[in-house]
Amino acid sequence: AQSVTQLGSHVSVSEGALVLLRCNYSSSVPPYLFWYVQYPNQGLQLLLKYTSAATLVKGINGFEAEFKKSETSFHLTKPSAHMSDAAEYFCAVSLFQTSGSRLTFGEGTQLTVNP
Amino acid sequence: GAGVSQTPSNKVTEKGKYVELRCDPISGHTALYWYRQSLGQGPEFLIYFQGTGAADDSGLPNDRFFAVRPEGSVSTLKIQRTERGDSAMYLCASSIAGYGTDTQYFGPGTRLTVL
């Protein structure tokens, strides 16, 4: 079975500061990893995904994440936070299964950006 | 193009009543997923359809929950004898084929409140 742990349910940064949201996974087979963002009263939007190609993945809105197998991590970063980045962020893992690939989500990290 | 749509956006019902939640996936997507998101939590998998068939319903909490996708497009999640604990955001997602690398596109959700 696979699982995801997001360290820090709330992260607060100043506008222009580095954003670092942590995600660690547990999987018995090589995983596929995703970061989604959820704005208030909206559905989840994909930021980026790792599918076993390049370990450094670039996504939308200046976000990127690096897959580190030795650390079982897939942390999300952005060099300079913007006010519009305030939202909830979810890390998720999937496995290819013959019956389909459900996503298993972490508990989420609420990002606050202070002016 | 049109994304995943869900209706209604909000549903308030009384304990013991029956409800139906509808999901209209992206055209051409064969895979459809239902998730449930409680307040402050990440989404949890309920059921996965590949075409018309429920390929994995292991996430349904009990036999009060049932879902159909009769023509391989629109899906309906049905909840009988609703309980207060069923109150949550119900999210639908679709992907092109259901592989682990495929992006799941989420709808805006239906917020169910059971009084």
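So you know, we letter chains A, B, ... as the sequences are listed, proteins then strands, and number each from 1. These values consider heavy atoms only, across backbone and side chains, with no hydrogens, waters or symmetry-generated copies. Note that the structure is predicted; figures quoted are calculated from it, not measured.
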Distance check, rounded to the nearest 0.5 Å: [X] atom [atom1] versus [Y] atom [atom2]?
{"X": "B/Leu46", "Y": "A/Arg102", "atom1": "CG", "atom2": "CZ", "result": "10.0 Å"}
{"X": "B/Asp102", "Y": "A/Lys49", "atom1": "CG", "atom2": "NZ", "result": "6.0 Å"}
{"X": "A/Leu44", "Y": "B/Gln37", "atom1": "CG", "atom2": "CD", "result": "6.0 Å"}

**Request:** Assert yes or no for the condition that the ring centre distance of A/Tyr32 to B/Tyr99 is strictly below 6.0 Å.
**Result:** no
**Prompt:** Would B/Phe45 and A/Phe105 count as a close aromatic pair, with their ring centres under 6.0 Å?
**Reply:** no
Check the surroundings of atom [atom1] in [X]: do more than 12 heavy atoms from other residues, nucleotides or ligands lie under 6.0 Å from it?
{"X": "B/Phe65", "atom1": "CZ", "result": "yes"}
{"X": "B/Glu44", "atom1": "CD", "result": "no"}
{"X": "B/Ile96", "atom1": "CD1", "result": "no"}
{"X": "A/Leu56", "atom1": "CG", "result": "yes"}

**Prompt:** Under a 4.5 Å heavy-atom cut-off, does chain A meet the side chain of B/Tyr35, its backbone, both or neither?
**Reply:** side chain
**Asked** Between A/Gln45 and chain B, which part of the residue has a heavy atom less than 4.5 Å away: side chain, backbone, both or neither?
**Response** neither
Under 4.5 Å between side-chain heavy atoms, hopping through other hydrophobics if needed: is there a path connecting [X] to [Y]?
{"X": "A/Leu47", "Y": "A/Val13", "answer": "yes"}
{"X": "A/Phe74", "Y": "A/Phe90", "answer": "no"}
{"X": "B/Ile26", "Y": "B/Phe49", "answer": "no"}

**Request:** Please tell me if the side chains of A/Ser94 and B/Gln104 come closer than 4.5 Å, counting only heavy atoms from C-beta onward.
**Result:** no
**Best-contacting candidate, A/Tyr50, A/Tyr36, A/Phe34, against chain B by heavy atom pairs under 4.5 angstrom** = A/Tyr36
**Item:** Most contacts with chain B, counted as non-hydrogen pairs under 4.5 angstrom, among A/Thr51, A/Leu33, A/Leu103
**Value:** A/Leu103
